Structure formats: C-alpha cells, structure tokens
Amino acid sequence: MAAKPGLVNVVLWYYLLIIFLKQKYMAIKNYIIIVLLATATAGMGSCDREDNELPVNNAPIPRILAFVPENAAPGDLLTIKGLNFSPDPEKNIIRFNQTVVPAESVNDTAILIIVPELNVKSAGVTVRSNGKISNKKNLSLVKIKKFQDDFDRADVALVDPSVVPNPIGDDWEIVTGKLALEDNRLATHVGGLESYMLYRAPEVDMKTGNGNFFKLSAQITVSGGGSFGGLIFNAQEDNKRFYLLRTSGTLVQLLKTGANGLGDWAAVMLSGNFEGLADDKKYTVEVSSSTAGKITIKITDPGTNGIIMDRNFTDDNPYTGGVPGFYYFGLANPTNIYFDNLSLELQ
C-alpha cells in the first residue's frame, strides 16, 4: 500500500531537523574547544613573556649643559657640566664624534676629561650614562686667545708718544695725544685735542671668517662739553685706517676712517641719539664679528645690564685683521674721559 504524501513530508522534515541540530551541536562544541585552547595558549604565552621580559631601565636621561672652558685644544682639561651622569666611571661612555674618551673623574653633574687629539676644528660630544645617551653638544677645538687690560696698576701722569718705553703699558702705542693712569683706569684731561692709542700686543690680529672671529669689549665714561670718547677696532698697520665707535652725550657714531686717518671719513655707518646714554655715565661697549664686513655692536649699562643699543652693520669693503684701541676728542677744557676693562677674544 502506498505511503501517504503527508506522512512522507513529516518524516523528511524530522530527518532534516535532526541533521541541522547535529551540525549546530558540532559547531558549538568546536567553538568551545577553540575558546578553551585560545585561553590556555594566552595564559601560557603570558607566562612565557613574564619569564622572558628584560628589566626596565628607569635611569634618568643624562644631559650636557656646558663646557668649562667653552672651547679647548687637544691635551687640555675639560669639564663637562650637566645632569644625571653616573658617579660610577665605568657607567659613563664619553664620545668626541666617534672617539671614546676616558673620564679622569666623575660625579652626577660633572665629568673631567682630557681633550683628545682630533684633526677637526669642532667635535660633537655625547655622554652615555647608565645605558642612556645624552644630547649632543658641539665643542670648538680651536682655542680662544684672550687679551685683557684692567689698568689696575700704579698711577702714571699724562704722557705722550715721545715717552719711550710707554709707562702706561708695554703693549700700548700712543699714536697722538696724552693719556694717564688714574685710580686703576686709563684717563685723559686734555681739551681741544683729537687723540688715540692702540693695543699692539703680540698675536693680536682681529681676523674674521674661515673659522675666525673676535669679540671686543671695554668700559667708557665721557664728560660733558661736547667731548667724545670711543673704541677703535680693526686698526691697520698704517695707524690711520680703522673703525671708530664714539659717543658724546646721547650721540653714538660708527665711523670708518680713510687713508688719511681721523677726519677722512670713508663711511658714516651710524650717527644717532640713544636714550640711556648721558654725560659722565659709564657704559660698556661690545663689538663682535665672525664674518668680514658683518659687525655687531652692543652698548649696555653696567649698573643695570640694560641694553642701550644692539645693532648689526655691514661694510661691503671691510677692514680685516688689525688691533683695537681707544679714542678721545676733548672739546671741553679740561675734559674727563676714562677707559677701563679692555677685553679681546680671538679665534
């Protein structure tokens, strides 16, 4: 007897449901197994990482702040000042470029070394302390030459170029006029006379460019009555060609002399009035240059360190090399002009 169609359909649907539920069961079973395996593997991996992790280096990063002196020649003692150096010498590695330099002494803020022999004009210095490396700071290996005169010696009455040797100082040449030493200062009181003297010390040559530079500073006090006092720089061998920075009251002038010297003005680079200058007031002037024809001039009040003037100047046909000096023009009679603390740095 033939099966009824309705019964066949019921059996077929029942069979399909069993297959479907079986597949679902297997899928859920497999999913549970996968989750368990993943969890176990993750736990094992975590254990492995914990076992293999390197210790964390919590040491602070070292930092180079300054060199003392600011530049040095091979063989010089140099102090590297900074922070977070190791007090254990073996935990500091000092490099000049790629050259490792041993420490002479160390503490956490200073390392003393001897500058190595290197055929370069500057070197990048780094310090590796406790496994951490510092910033790189460049050190000039061309030693700066310093020349100074604070005039702190016995008084000398006014003298002119005829007095030989010059009692003011062996390195000074009075070109014209009369100057004296008073109260540890260079001084003059001569009115109606335009005069100057030059500092012709051995090795003084104010070159610029090609790694050379100069920085010249001095203190000047000028009395009233229209008198001038000033600083000379880059004076040539003929004693006539040079730059002159001079003041009178609030007036500041930067002049360049020609082949005939004073009065032969080849250029007037500045002539203007500045607040902060006055008669009988001491001021500090600083002249610097690292490129021929590029001149920076700063005038400050030594009492307050306030800047009175800070300007850059350019000369397309510059004087190079030469020496510094002092200038005065005593229009009043008598006049009181004082110079002090000459300092010249050359490289």
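Excluded from the calculations below are hydrogen atoms, water molecules and symmetry mates; all remaining heavy atoms, backbone and side chain alike, are included. None of the values given here were measured: they were computed from a predicted structure.
Between Leu331 and Ser227, the shortest heavy-atom distance links the atoms N-OG, 3.2 Å. Across all their heavy atoms, Pro62 and Phe85 have their closest contact at CB-CD2, 4.0 Å. Scanning both residues, Glu203 and Leu346, for their nearest heavy atoms gives O-CD1, 3.9 Å. Closest approach of Glu194 and Arg246 over heavy atoms only: OE2-NH1, 3.9 Å. Contact between Val125 and Ile64 at its shortest, heavy atoms only, is O-CD1, 3.4 Å. Shown here for Ser122 and Asn97, the closest heavy-atom pair between the two residues is O-ND2, 4.1 Å.
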Checklist entry - For Met197 and Leu186, what are the C-alpha separation, side-chain angles and deciding distance, and is it a side chain to side chain contact (heavy atoms under 4.5 Å, CB included)? => result CA-CA 11 Å; Met197 64 186 300; Leu186 181 67; 3.5 Å; yes
Item to check | Steps toward side chain to side chain contact (heavy atoms under 4.5 Å, CB included) verdict (Arg95, Lys136) | outcome: CA-CA 10 Å; Arg95 292 183 184 273; Lys136 181 170 72 172; over 6 Å; no
Item to check | Asn107 vs Thr109, side-chain hydrogen bond (donor to acceptor under 3.5 Å, both in side chains): CA-CA, chis, key distance, verdict | outcome: CA-CA 6 Å; Asn107 61 46; Thr109 60; 3.2 Å; yes
Item to check | Phe242 vs Asn234, side chain to side chain contact (heavy atoms under 4.5 Å, CB included): CA-CA, chis, key distance, verdict | outcome: CA-CA 5 Å; Phe242 48 77; Asn234 291 119; 5.7 Å; no
Next on the checklist: What verdict does the side-chain hydrogen bond (donor to acceptor under 3.5 Å, both in side chains) test give for Asn92 and Ser129, after you've listed the backbone C-alpha separation in whole Å, the side-chain angles of each residue and the deciding distance to 0.1 Å?
Outcome noted: CA-CA 5 Å; Asn92 296 288; Ser129 296; 2.5 Å; yes
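Separation of atoms NZ (Lys178) and OG (Ser195) is listed at 10.0 Å; rounding is to 0.5 Å. In this structure, OG in Ser290 is found 10.0 Å from CG in Asn212, a value given to the nearest 0.5 Å. Taking CD1 from Ile144 and CZ from Phe213, the interatomic distance works out to 4.0 Å, rounded to the nearest 0.5 Å. Separation of atoms CD (Glu117) and CG (Leu141) is listed at 10.0 Å; rounding is to 0.5 Å. Going from atom CD1 of Ile337 over to atom CG of Leu179 covers 9.5 Å, rounded to the nearest 0.5 Å. Rounded to the nearest 0.5 Å, atoms OG1 (Thr188) and CD (Glu182) are 9.0 Å apart.
Looking at Asn57, its side chain does come within 3.5 Å of a backbone N or O of Asn130 through a donor-acceptor pair. When atom types are taken as modelled, the side chain of Asp160 and the backbone of Ser162 share a donor-acceptor pair closer than 3.5 angstrom. Remark: the backbone N or O of Trp172 is paired with a side-chain donor or acceptor of Asn166 at under 3.5 angstrom.
In this structure, Tyr319 has its ring center closer than 6.0 angstrom to the ring center of Tyr243.
In this structure, the side chains of Pro161 and Val175 stay at 4.5 Å or more apart for every pair of heavy atoms. Leu139 places a side-chain heavy atom less than 4.5 Å from the side chain of Phe96. The side-chain heavy atoms of Asn239 and Glu173, taken from C-beta on, include a pair separated by under 4.5 Å.
Judged purely by distance below 3.5 Å, without hydrogens or angles, the side chains of Ser86 and Asp88 never pair a donor atom with an acceptor atom. Side chains of Asn312 and Thr296: a donor on one and an acceptor on the other come within 3.5 Å.
When each of Leu254, Leu270, Ile295, Ile297 is tested with Arg311 by the rule side-chain contact (heavy atoms from CB on, under 4.5 Å), just one qualifies, namely Leu270. Tested against Phe147 for a side-chain contact (heavy atoms from CB on, under 4.5 Å), the candidates Val204, Leu216, Asp171 yield a single pass: Val204.
Taking the six-membered ring where the residue is Trp, Tyr338 and His189 present perpendicular rings, their angle passing 60° and hence far from 30°.
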